[in-house]
A.B. asks: 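Next up is a structure, given as structure tokens.
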Amino acid sequence: MASHTLCDLDSVQIVANKWLQDVRQYQDNVDTLFKHGTINAALANIGASTPTTLVVTENTAVNASTDLTSYPNISWLFLGSGKLTPAVGVTLTMYSPDTIIASPTQHVLDGSNGTIVFAKPGTASARWMGAQADGSTNDRTTLMLVLSAVTHGSAVYFPPTSAYYKILSTLDCPLRTNLRLYGAGRGSLIKNDTANLGVFSITAGSDGLEIDHLKLQGTGALSTLGRGLIYFNPDATATAIQYPHIHHCYFAAASTSGISGNFITDGTFVHNVFDNDGSAYGEHGLYFGPSGGSSARNIISENTFINTASGTSGAICIAGSQSDHTISQNVIVGWRDGLLINDNSTGSLSGATFTGNRISGQSRDNVSFFQSDTVSPATGCTLAGNRLSGAGRTGIRADWVTECTFTGNRITGAAETGVRTNKMTNCDWVGNSIRDNDADSDGTTGDDSAGIRLNQDNTDNSFVNNTLNVSNVSNFQKYGLSMGSSGNTGNIFQGNRMKSNRTADYDVPAGTILSDMARMPMLATADLPSAASAMDQYAIIDDAGAGNRNLILYAGGQRFRIDGGANV
């Protein structure tokens, strides 16, 4: 391989000669030092065939009135203060970042006057164009030069620093596919020192984006909604961002969401930490909005969401018409709501799965389906195997859901009810443990002191093999099950354990049939529902006469009675 140096001063020759002497110990085909004088001459003399290393030992101007292109056979080795500086109006096209041999902290390319771009993908350092990462210099301009220089399929590495990369406005990433932005962990900190702004803004169509091993931080107090430290498709363009992969990042979201965005599909968001950094609360940890198009099939897994202040925030918020997300194995501590699902004019969530999450200490609800009652219900979602504890109000609050399944969840220690529902239809509650809610034992009604509260307009739901009781009958929830008096019809209760609770096992309107594992319900004759209105159930009449009990069976819209005597 030939080796040449670009120099204008004879004193620089000494440095280059010493380097050549060192290299010759290991490589016999290093050419003697040759002074080209300018990049123009170097490119012309070397040509596009001979593998060559050009040694740049001082700031070398691109003295040309026309654009220049480096050949793939040329590698650039930067020593000392070596740097390439295109003139005003000149574009220097380097073949690939991988043809540059330099420390990741060196300033080797100066695009402040002319333009530097890479023709092919490779890995560039975020500091090659002059970012200082000293916590005082505004690095946005030099970072944008690097982000604009790389092409599709490239990577940009943010070397760690004892301070941070300071920016005063958002880094607006140009449209690139399969771009990776990465660092060395929390030591690679990018901080926006302008209040209530994010760090990265991602253009619609930036498919295959990967961001990892970075710490991103905002400043200020929450005042402007909808921003994120990573903000996908902020213009709500009707073009999806597909296959993003955000992992092993630390979001110190003091004034914004950690991640926020519109129209995101088939993404993975895993092994991240969302933390308000002990200061003002963030808007949300992760927020998927509905603008531009419906986000779908994203995986949010094994993240940690921490917020020591509640504000108006949700750790994970999903708004509007979206579908088929998987939210699993996350740890959520603090925030106002752990999982916040709400509809808007575009519709509501469908087909999502929430499994194995540990959600605790919310100031309001561990899980909240916050629906408007005017657009559409959350549909076909599954909540399975979640651990929900210590909510300031309710473990699960569902307003208008349909065809959802709640199974194997453990709901404990809510300040009011474990579960509270309105306008829920055709949902299945199976094998949940809902115990010791109304944690401070100050609830006075079934609405604020029950395992499950069916408040109003809940129809055709089934509750099977759930445990709704307390560990100490002197404390916690008054009732295992409580029902309001309006619109709760066609619900089936079978095999639920409701013995015992602080006041009574259940608080339900007259005529409600509950098939309990411990015993059949005892009803007065006057309270028996009509055959046409009852689901398939059974009950015992407790006023059939002295010492007698009559068994009532409801099946297929008919009512059957079996008379029994004192010894039956």
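Heavy atoms only: backbone and side chains are in, while hydrogens, waters and symmetry mates are out. If you read the sequence from its start, that first residue is 1, and numbering goes on from there.
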A.B. asks: Would you say OH of Y182 has more than 12 non-hydrogen atoms from neighbouring residues, nucleotides or ligands within 6.0 angstrom?
C.D. replies: yes
A.B. asks: Would you kindly say whether N138 and R140 are connected by a side-chain donor-acceptor distance under 3.5 Å?
C.D. replies: no
A.B. asks: Distance check, rounded to the nearest 0.5 Å: S154 atom OG versus L181 atom CG?
C.D. replies: 10.5 Å
A.B. asks: Could you report the tightest heavy-atom contact between V56 and K83, atom names first, then the distance?
C.D. replies: CG1-N, 3.6 Å
A.B. asks: Looking at side-chain heavy atoms only, is the closest gap between L214 and Y165 below 4.5 Å?
C.D. replies: no
A.B. asks: For residues P174 and L147, determine if any side-chain heavy atom of one lies less than 4.5 Å from a side-chain heavy atom of the other.
C.D. replies: yes
A.B. asks: Does R297, at its CZ atom, have more than 12 non-hydrogen atoms belonging to other residues, nucleotides or ligands within less than 6.0 Å?
C.D. replies: yes
A.B. asks: Walk me through whether S75 and T53 qualify under side-chain hydrogen bond (donor to acceptor under 3.5 Å, both in side chains).
C.D. replies: CA-CA 5 Å; S75 297; T53 297; 4.9 Å; no
A.B. asks: Could you label the plane-to-plane angle of the H271 and H248 rings as parallel, tilted or perpendicular, counting under 30° as parallel and over 60° as perpendicular?
C.D. replies: parallel
A.B. asks: Between I332 and L339, is any pair of side-chain heavy atoms under 4.5 Å apart?
C.D. replies: yes
A.B. asks: Taking atom CZ of R387 as the centre, report whether more than 12 heavy atoms of other residues, nucleotides or ligands fall under 6.0 Å from it.
C.D. replies: yes
A.B. asks: Is Q322 close to N298 at the side-chain level, that is, under 4.5 Å between some pair of heavy atoms?
C.D. replies: no
A.B. asks: For atom NZ of K423, is the number of surrounding heavy atoms from other residues, nucleotides or ligands below 6.0 Å larger than 12?
C.D. replies: yes
A.B. asks: Between the side chain of S389 and the main-chain N/O of S360, is any donor-acceptor distance below 3.5 Å?
C.D. replies: no
A.B. asks: When you measure from the side chain of D212 to the backbone N and O of H247, does any donor-acceptor pair fall under 3.5 Å?
C.D. replies: no
A.B. asks: Does T239 use its side chain to pair, donor to acceptor, with the backbone of G205 at less than 3.5 Å?
C.D. replies: no
A.B. asks: Would you compute the distance between atom CG of N192 and atom NZ of K166 and round it to the nearest 0.5 angstrom?
C.D. replies: 10.0 Å
A.B. asks: Once the angle between the rings of F406 and F369 is folded into 0 to 90°, is it parallel (under 30°), tilted (30 to 60°) or perpendicular (over 60°)?
C.D. replies: perpendicular
A.B. asks: Heavy atoms, side chains only, cut-off 4.5 Å: are M424 and C404 in contact?
C.D. replies: no
A.B. asks: Answer whether the closest heavy-atom distance between the side chains of V199 and I230 falls below 4.5 Å.
C.D. replies: no
A.B. asks: Mind listing the closest non-hydrogen atom pair of G418 and T394 along with its distance?
C.D. replies: O-CG2, 3.6 Å
A.B. asks: Is a side-chain donor or acceptor of D98 paired with a backbone partner of T123 at a separation under 3.5 angstrom?
C.D. replies: yes
A.B. asks: Does the D428 side chain pair with the main chain of T405, one donor and one acceptor, at a distance under 3.5 Å?
C.D. replies: no
A.B. asks: Going from OG on S294 to CD1 on I264, what distance comes out if it is rounded to the nearest 0.5 angstrom?
C.D. replies: 12.0 Å
A.B. asks: Please give me the minimum heavy-atom distance between C381 and G351, naming the atom from each residue.
C.D. replies: SG-N, 4.0 Å
A.B. asks: Does T91 offer a backbone N or O that forms a donor-acceptor pair with the side chain of D67 under 3.5 Å?
C.D. replies: yes
A.B. asks: Checking the side chain of D266 only, and the main-chain atoms of Y243 only, is there a donor and an acceptor separated by less than 3.5 Å?
C.D. replies: no
A.B. asks: Could you go through S376 and D343, starting from their C-alpha distance and side-chain angles, then the distance that decides it, and tell me whether this counts as side-chain hydrogen bond (donor to acceptor under 3.5 Å, both in side chains)?
C.D. replies: CA-CA 7 Å; S376 63; D343 65 346; 5.4 Å; no
A.B. asks: Looking at R393 and D448, would you say the former's side chain and the latter's main chain have a donor-acceptor pair under 3.5 Å?
C.D. replies: no
A.B. asks: Could you tell me whether a side-chain N or O of S321 sits under 3.5 Å from a main-chain N or O of G347, the two making a donor and an acceptor?
C.D. replies: no
A.B. asks: To the nearest 0.5 Å, tell me how far N491 CG sits from T421 OG1.
C.D. replies: 8.0 Å
A.B. asks: Looking only at side chains, do D110 and S112 share a donor and an acceptor under 3.5 Å apart?
C.D. replies: yes
A.B. asks: How about Y71 and Y95: are their ring centres within less than 6.0 Å of each other?
C.D. replies: no
A.B. asks: Should T142 and Q132 count as side-chain neighbours, where that means a heavy-atom distance under 4.5 Å?
C.D. replies: no
A.B. asks: Is it the case that the side chains of T105 and S103 hold a donor-acceptor pair, with the cut-off being a distance below 3.5 Å and no angle test?
C.D. replies: yes
A.B. asks: Using the ring pair (Phe, Tyr, Trp, His ring centres under 6.0 Å) rule, pick out the option among F274, F305, F288 that qualifies with F269.
C.D. replies: F288
A.B. asks: Please check if the side chain of N437 supplies one atom and the backbone of Q477 the other of a donor-acceptor pair under 3.5 Å.
C.D. replies: no
A.B. asks: Is there a side chain to side chain contact (heavy atoms under 4.5 Å, CB included) between S70 and W76 once you walk through the steps?
C.D. replies: CA-CA 10 Å; S70 177; W76 302 78; 3.1 Å; yes
A.B. asks: Tell me, with the steps shown, if Y231 and T170 meet side chain to side chain contact (heavy atoms under 4.5 Å, CB included).
C.D. replies: CA-CA 10 Å; Y231 197 173; T170 304; over 6 Å; no
A.B. asks: Taking atom types as modelled and ignoring hydrogens, do the side chains of S328 and S301 form a donor-acceptor contact shorter than 3.5 angstrom?
C.D. replies: yes
A.B. asks: Dump the intermediate steps for side chain to side chain contact (heavy atoms under 4.5 Å, CB included) on S368 and R336, then the final yes or no.
C.D. replies: CA-CA 10 Å; S368 178; R336 184 188 67 175; over 6 Å; no
A.B. asks: Dump the intermediate steps for side-chain hydrogen bond (donor to acceptor under 3.5 Å, both in side chains) on N344 and T346, then the final yes or no.
C.D. replies: CA-CA 5 Å; N344 65 14; T346 66; 2.6 Å; yes
A.B. asks: Nearest heavy-atom pair of I211 and C249: which atoms, and what distance?
C.D. replies: O-SG, 3.7 Å
A.B. asks: Ignoring hydrogens, what is the shortest heavy-atom contact between D172 and S201? Give both atom names and the distance.
C.D. replies: OD1-CB, 3.4 Å
A.B. asks: Any chance you could measure I299, atom CD1, to T326, atom OG1, to the nearest 0.5 Å?
C.D. replies: 5.5 Å
A.B. asks: Output, in order, the C-alpha distance, side-chain angles, deciding distance and verdict of side chain to side chain contact (heavy atoms under 4.5 Å, CB included) for S260 and H284.
C.D. replies: CA-CA 8 Å; S260 129; H284 300 293; over 6 Å; no
A.B. asks: Taking the side chain as every heavy atom from C-beta outward, state whether K191 and T219 have any pair of such atoms under 4.5 Å apart.
C.D. replies: yes
A.B. asks: Does a donor on one side chain and an acceptor on the other come within less than 3.5 Å for N426 and D460?
C.D. replies: no
A.B. asks: To the closest 0.5 Å, what do you measure between CG (N303) and CG (N330)?
C.D. replies: 5.0 Å
A.B. asks: In plain terms, say whether D337 and R364 are close enough for a salt bridge, that is, a side-chain N and a carboxylate O under 4.0 Å apart.
C.D. replies: yes
A.B. asks: Specify the closest pair of heavy atoms between F118 and T151, including all atoms of both residues, with the distance to one decimal.
C.D. replies: O-CB, 3.9 Å
